[in-house]
Amino acid sequence: MKPTEVTFEAAGKTYRLCFSMNALCAIEEATGSAVSDLDLNRLTTVRLFVWAGLQDHHPEVKDVKAAGAILDAVGVKAAVELVAGALGAAASVEGGGNPPPAAAGS
């Protein structure tokens with residue numbers, strides 16, 4: 001597992017969330033905004049991040065609705081923490097770049 005990845009379990013399955021360059025670009029393409037401008041207080045944003053972050057290792061999660069079903073098993077708070085943790089890991093390994101978006105409640 002790369003240091004930019006985090007694993008989590010949902011509904012009895014282990015998932016690997018990774019914010020690779022392709023994942024980050026998919027988020028920017030979908031939103032038309034820089035990753036650093038996005039707000040994790042929006043559930044649609046969290047769901048999009050999870051979908052994009054799963055694509056490297058779980059391409060069977062075909063769309064954001066499938067990612068949303070996974071999030072139902074995890075819960076909102078845990079999902080936000082997973083995304084923030086994976087983005088923080090990616091930023092620290094990559095040497096910075098755009099800071100991760102603000103976590104919920106900040």
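The structure presented is a predicted model; accordingly, all values stated were derived computationally and were not measured. We count residues from 1, following the sequence as given. Hydrogens, waters and symmetry mates are skipped; everything else that's a heavy atom, side chains included, is used.
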For this session: Keeping the roles fixed (side chain from Glu9, backbone from Thr14), state whether a donor-acceptor pair exists under 3.5 Å.
Result: no
For this session: Identify, with sequence neighbours excluded, every residue that meets side-chain contact (heavy atoms from CB on, under 4.5 Å) alongside Lys65.
Result: Arg47, Asp63
Problem set entry | Nearest atoms (heavy-atom pairs only) where His58 meets Tyr15 | NE2-CA, 3.4 Å
Exercise. What is the ring orientation for Phe19 with Phe49, classed by angle as parallel under 30°, tilted 30 to 60°, or perpendicular over 60°?
Worked result: perpendicular
Exercise. Considering residues at least two apart in sequence or located in another chain, which fulfil the side-chain hydrogen bond (donor to acceptor under 3.5 Å, both in side chains) criterion with Lys13?
Worked result: Glu60
Seminar exercise, completed: Closest non-hydrogen contact found for Ala67 with Val61 is N-CG1, 3.7 Å
Problem set entry | Atom pair CG/CG of Leu48 and Leu40 - distance to nearest 0.5 Å | 10.5 Å
Seminar exercise, completed: Between Ala52 and Ala26 the two heavy atoms that sit nearest each other are CB-CB, 4.5 Å
For this session: Taking Glu28 for its side chain and Leu24 for its backbone only, find out whether a donor-acceptor pair lies under 3.5 Å.
Result: no
Exercise. Where do Leu71 and Val76 land on the side chain to side chain contact (heavy atoms under 4.5 Å, CB included) test, with the steps shown first?
Worked result: CA-CA 7 Å; Leu71 293 180; Val76 173; over 6 Å; no
For this session: Can you see which heavy atom on Leu54 is nearest to which on Leu17, and at what distance?
Result: N-CD1, 4.0 Å
For this session: Might you point out which heavy atoms bring Glu5 and Cys18 nearest each other, and give the distance in Å?
Result: CG-CB, 3.5 Å
Seminar exercise, completed: One should read off an interatomic distance between Glu29 CD and Asn22 CG, to the nearest 0.5 angstrom, of 9.0 Å
Exercise. How long is the gap from CG on Leu87 to CD1 on Ile27, to the nearest 0.5 Å?
Worked result: 7.0 Å
Exercise. Measuring from Leu38:CG to Asn41:CG, what's the distance to the nearest 0.5 Å?
Worked result: 12.0 Å
Problem set entry | Considering all heavy atoms, the nearest Val74-Ala79 contact | CG1-N, 3.8 Å
